[in-house]
Amino acid sequence: MKIAVLERNSVGTDIDVTCFEDFGEVTYYRNTVAADAAEKVKDVDIIIANKAPMNEETLKDAPNVKLICEFATGFDNIDLEYCKKRRIKVANVKDYSTAAVAQHTFALMFYVLHKLAYYDHYVKSGAYCTSAQFSHFEQKFSELDGKTWGIVGMGAIGKRVASHAQEFGCNVIYYSTSGKNTDQLYERVDFEELLKRSDLISVHAPLNPDTRKLFDRAAFEKMKKSAIFINVARGAIVDQEALTWALQENK
């Protein structure tokens, strides 16, 4: 059995992945891009990928492939219809990053909310040591308590973030991108209401036709000017030109 790990370094070199060697002959690649994917998989039986595209273009000359394992949860890099035609099985790693992504969401939120970049620079510049008073509030910040936190995508990660947000005293509302997620502890609202009411918005949804460029110019126009926006899902959920416009226009 020939196995190709296409993006070994994408999970961090501190993570041991030698377990794959129990199943066959493994070839490790530090990274793989679309241009060299086809060459690397042409003789293998199992592919372990992360972001490298797995579609007709990269798989058409790989007749032995029986299984593609995603080194993550989201598998929008894999053409599922093509794999179905080829009877190639596809598997992902469910829930592996729930705690880590929820934690990172709060790391990003506090970085912005508490103006940490500004105050870190203020102290390191020496300005604090020469100040006439011990406190400095040039950049205003506030508590989470009482704020409305809007969550887009109430899956495992969204639920974890919602739970933590409540512990900080936030009122949690959410928008279900699939329209199927209704049995939750939190208030479900439509997308427009979430945009208008939220002081903080975090995105935890998969990338699919319904969510691609969900955050466009119209969405940013509806958000509070003071809102904090955190996207820890796929980048393409956000229309980057619209985001650039919103920032340049001080929206």
Tell me, do [X] and [Y] make a side-chain contact under 4.5 Å, heavy atoms counted?
{"X": "L194", "Y": "I201", "value": "yes"}
{"X": "I47", "Y": "L59", "value": "yes"}
{"X": "V90", "Y": "E70", "value": "no"}
{"X": "C83", "Y": "I78", "value": "yes"}
{"X": "V44", "Y": "V65", "value": "yes"}
{"X": "T244", "Y": "L247", "value": "no"}

**OP:** To the nearest 0.5 angstrom, please state how far the CG atom of L243 sits from the CZ atom of F215.
**Re:** 10.5 Å
Original post:
Does F220 have any ring pair (Phe, Tyr, Trp, His ring centres under 6.0 Å) partners at least two apart in sequence or in another chain, and if so, which?
Top reply: F229
Original post:
Under 3.5 Å, is there a donor-acceptor pair linking the side chains of H204 and Y174?
Top reply: no
Original post:
Would one find more than 12 heavy atoms of other residues, nucleotides or ligands at under 6.0 Å from atom NE2 of H114?
Top reply: yes
Original post:
How about Q139: does its CD atom have over 12 heavy atoms from other parts shown lying under 6.0 Å from it?
Top reply: yes
Subject >> Residues forming a side chain to side chain contact (heavy atoms under 4.5 Å, CB included) with A162, sequence neighbours excluded >> reply: I151, M154, V172, Y186
Original post:
Is the shortest distance from a Lys or Arg side-chain nitrogen in E192 or K196 to a carboxylate oxygen in the other one below 4.0 Å?
Top reply: yes
Original post:
With under 30° as parallel and over 60° as perpendicular, where do the rings of F110 and F106 fit, or are they tilted in between?
Top reply: tilted
**OP:** Any chance you could lay out the side-chain hydrogen bond (donor to acceptor under 3.5 Å, both in side chains) test for Y82 and E57, step after step, and finish with the verdict?
**Re:** CA-CA 10 Å; Y82 177 74; E57 184 65 27; over 6 Å; no
**OP:** Ignoring hydrogens and angles, tell me if any N or O in the side chain of T32 forms a donor-acceptor pair with the backbone of L6 under 3.5 Å.
**Re:** yes
Original post:
Under the 3.5 angstrom rule, does the side chain of D120 hit a backbone N or O of A117 as a donor-acceptor pair?
Top reply: no
